[in-house]
> 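Questions regarding the structure given below will be posed in turn.
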Amino acid sequence: MVKYILKRLLQFIPVFIGVTIILFAMENIVPGDPIKLIAGDKALNPETELQLRIANHLIETDSEGKPLYDADGNTIPTPLWKQYGYYINGLLHGDLGNSYSRKLPVTQIFADKYPYTVKLALVGIIIEAVVGIGAGLISAIKRYSFWDVLVTLVTAVLVAMPAFWLGMLLQLFFGVVLKNATGGGFYLPISGAGGPNSEFESWVHYILPGITLAAVSTAYAARIMRSQLLEVMNQDYIRTAKAKGLSRRQVILHHALKNALIPVVTYIGIDFGAMLSGAILTETVFNWPGVGYEIYRAITQRDWPIVMGGVTIIIVVVMVINLVVDVSYAFLDPRIRYGAPKDQG
């Protein structure tokens with residue numbers, strides 16, 4: 001197991017390097033001078049512009065940080081490979097650069113925004129795990145019954161429904177229709193994450209975006225759970241357990257469920273990584289102050305340090321979550337032993 005974890009950690013290195021190269025290339029391919037983006041509508045004097053280019057490693061400097069000039073008296077652009085070296089060095093030291101529009105370190109911006117994304121992701125993943133696995137179990141156990149048909153119908157509708165549209169429907173019904181129908185007596189918040197000026201408790205603000213974030217994933221989790229449990233129930237070792245006189249409940253809980261859960265845990269684990277990366281559509285619809293909404297705003301403003309910093313964080317989070325999911329297989333299925341000798345299975 002330890003060897004497997006170390007091997008996976010080493011695999012992170014080429015993946016991380018490859019992703020950073022793509023991000024760096026995209027930043028340099030996109031039209032536009034970063035210094036002009038930093039300045040915005042302000043007109044920069046030559047000295048200020050020169051200092052900004054030095055600070056952002058866009059021109060060559062000597063050991064004292066003074067600009068170098070060519071034979072014609074022009075500044076010398078820093079080669080892309082050297083700019084990439086500065087970029088990687090900054091990442092290794094936790095420096096994601098500074099926002100063009102907000103003039104703040106990207107690390108500080110995401111440190112403020114990430115807790116909101118994590119809390120929303122936890123709400124979403126709890127809904128997905130509890131409702132998805134529960135609905136899939138009921139659907140498989142009560143096969144061809146009313147409950148099976150209901151679960152199949154609801155999951156089909158949710159899978160076909162875009163997240164942003166579902167979010168707007170929930171906002172319309174619980175925030176507008178229900179408020180008007182009850183004369184303002186009962187309704188749910190449809191925007192923001194609460195705060196001292198909100199008329200609701202903080203946890204109430206998580207209800208609608210949490211449901212929206214988890215809806216489609218819950219439908220897939222239920223479908224996977226149903227199909228896997230039905231497949232496992234036809235295995236030989238399940239028939240043996242039944243032949244020994246074990247009850248249906250014991251067969252499902254002690255023999256079938258763990259093996260059926262492996263694909264479900266894989267899906268939920270990967271989906272949790274995606275949620276932790278920031279759900280751009282959900283966070284945008286509900287004006288949620290998280291990572292996804294911040295990246296969306298940065299894209300519209302061409303604030304590339306925030307975009308690149310956000311994507312870098314997403315890649316790291318997804319790789320770590322994938323590792324945790326893979327390691328969890330050994331605890332769900334005792335036949336799986338990463339790094340075990342071949343003669344041990």
Side-chain angles (χ1 to χ4, degrees), residues 115-143 145-161 163 166-167 169-170 173-174 188-189 193 201-233 248-279 281-283 286 288 290 317-318 321-322 324-329 331-333:
Y116 291 100
T117 293
V118 171
K119 292 175 185 177
L120 183 59
L122 288 173
V123 172
I125 208 67
I126 289 172
I127 294 174
E128 179 181 343
V130 174
V131 178
I133 293 176
L137 278 172
I138 293 173
S139 183
I141 294 172
K142 304 290 185 180
R143 192 179 185 185
S145 68
F146 166 79
W147 297 109
D148 184 22
V149 174
L150 179 63
V151 169
T152 303
L153 178 62
V154 172
T155 55
V157 172
L158 289 177
V159 167
M161 188 177 296
L166 174 62
L169 287 179
L170 293 176
F173 179 78
F174 289 99
L188 294 176
E201 294 289 337
S202 296
W203 64 269
V204 181
H205 286 266
Y206 289 82
I207 295 176
L208 295 185
I211 293 173
T212 303
L213 181 62
V216 176
S217 301
T218 300
Y220 280 116
R223 286 187 166 193
I224 296 171
M225 184 73 248
R226 179 185 184 276
S227 63
Q228 288 299 313
L229 187 58
L230 290 176
E231 181 180 343
V232 169
M233 290 297 289
R248 182 177 176 83
R249 177 187 178 89
Q250 289 176 317
V251 170
I252 293 175
L253 293 180
H254 299 291
H255 296 275
L257 186 57
K258 279 189 175 182
N259 288 332
L261 275 175
I262 291 178
V264 183
V265 168
T266 302
Y267 176 76
I268 292 178
I270 294 174
D271 196 48
F272 185 48
M275 290 180 181
L276 287 174
S277 303
L281 291 178
T282 300
E283 291 186 2
F286 288 93
W288 192 262
V317 169
V318 169
I321 292 295
N322 285 345
V324 173
V325 170
D326 288 348
V327 172
S328 69
Y329 292 165
F331 298 96
L332 289 172
D333 189 346

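All values derive from a computational prediction rather than experimental measurement. Heavy-atom basis, side chains included; hydrogens, waters and symmetry copies ignored.
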> Shortest non-hydrogen contact from Leu120 to Tyr206?
N-CE2, 3.9 Å
> Which heavy atom of Ala260 sits nearest a heavy atom of Gln228, and at what distance?
O-CB, 3.6 Å
> Check the pair Ile125 / Leu276 against side chain to side chain contact (heavy atoms under 4.5 Å, CB included), numbers first and verdict last.
CA-CA 10 Å; Ile125 208 67; Leu276 287 174; over 6 Å; no
> How close do Ala219 and Val159 get, counting heavy atoms only, and between which atoms?
CB-CG2, 3.7 Å
> Please confirm whether the backbone N or O of Tyr116 pairs with a side-chain atom of Trp288, one donor and one acceptor, at under 3.5 Å?
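Between the backbone of Tyr116 and the side chain of Trp288 there is a qualifying donor-acceptor contact (under 3.5 Å).
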> Taking all atoms of both residues into account, what is the closest heavy-atom pair of Pro189 and Val204, and its distance?
CD-CG1, 3.5 Å
> Measure from the side-chain N and O atoms of Thr218 to the backbone N and O of Ala214, and report whether any donor-acceptor pair falls under 3.5 Å.
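Such a contact is found between Thr218 side chain and Ala214 backbone.
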> Would you sort out whether Leu122 and Phe272 count as a side chain to side chain contact (heavy atoms under 4.5 Å, CB included), showing the intermediate values?
CA-CA 8 Å; Leu122 288 173; Phe272 185 48; 3.9 Å; yes
> Over all heavy atoms of both residues, which pair between Thr152 and Asp148 is shortest? Give the atoms and the distance, please.
OG1-O, 2.8 Å
> How many angstroms lie between atom CG of Asp271 and atom CD1 of Ile321, to the nearest 0.5 angstrom?
11.0 Å
> May I have the step-by-step check of side chain to side chain contact (heavy atoms under 4.5 Å, CB included) for Leu166 and Val216, ending in yes or no?
CA-CA 10 Å; Leu166 174 62; Val216 176; 5.8 Å; no
> When rounded to the nearest 0.5 angstrom, what is the spacing between NZ in Lys142 and CG in Leu150?
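Rounded to the nearest 0.5 Å, the NZ-CG separation comes out at 14.0 Å.
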> Taking side chain to side chain contact (heavy atoms under 4.5 Å, CB included) as the criterion, tell me which of Leu188, Val123, Ile127 meets it with Ile207.
Leu188
> Does the side chain of Tyr267 reach to within under 4.5 Å of the side chain of Ser217, using non-hydrogen atoms?
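Side chain of Tyr267 against side chain of Ser217, heavy atoms only: contact under 4.5 Å found.
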> Find the distance between OG1 (Thr212) and CG (Leu170) and round it off to the nearest 0.5 Å.
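Thr212 atom OG1 to Leu170 atom CG measures 4.5 Å (nearest 0.5 Å).
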> Can you tell me how far the CG atom of Leu213 sits from the CG atom of Leu208, to the nearest 0.5 Å?
12.5 Å
> Checking side chain to side chain contact (heavy atoms under 4.5 Å, CB included) for the pair Arg226/Val151: CA distance, chi angles, key distance, verdict?
CA-CA 10 Å; Arg226 179 185 184 276; Val151 169; 5.8 Å; no
> Roughly how far, to the nearest 0.5 Å, is the CG atom of Leu281 from the CZ atom of Phe286?
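Atom-to-atom, Phe286:CZ and Leu281:CG are 11.5 Å apart.
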> Mind checking the OG1-CE spacing from Thr282 to Met275? Nearest 0.5 Å is all I need.
8.5 Å
> Of all the heavy-atom pairs spanning Ile224 and Pro263, show the shortest one and how long it is.
CG2-CB, 4.1 Å
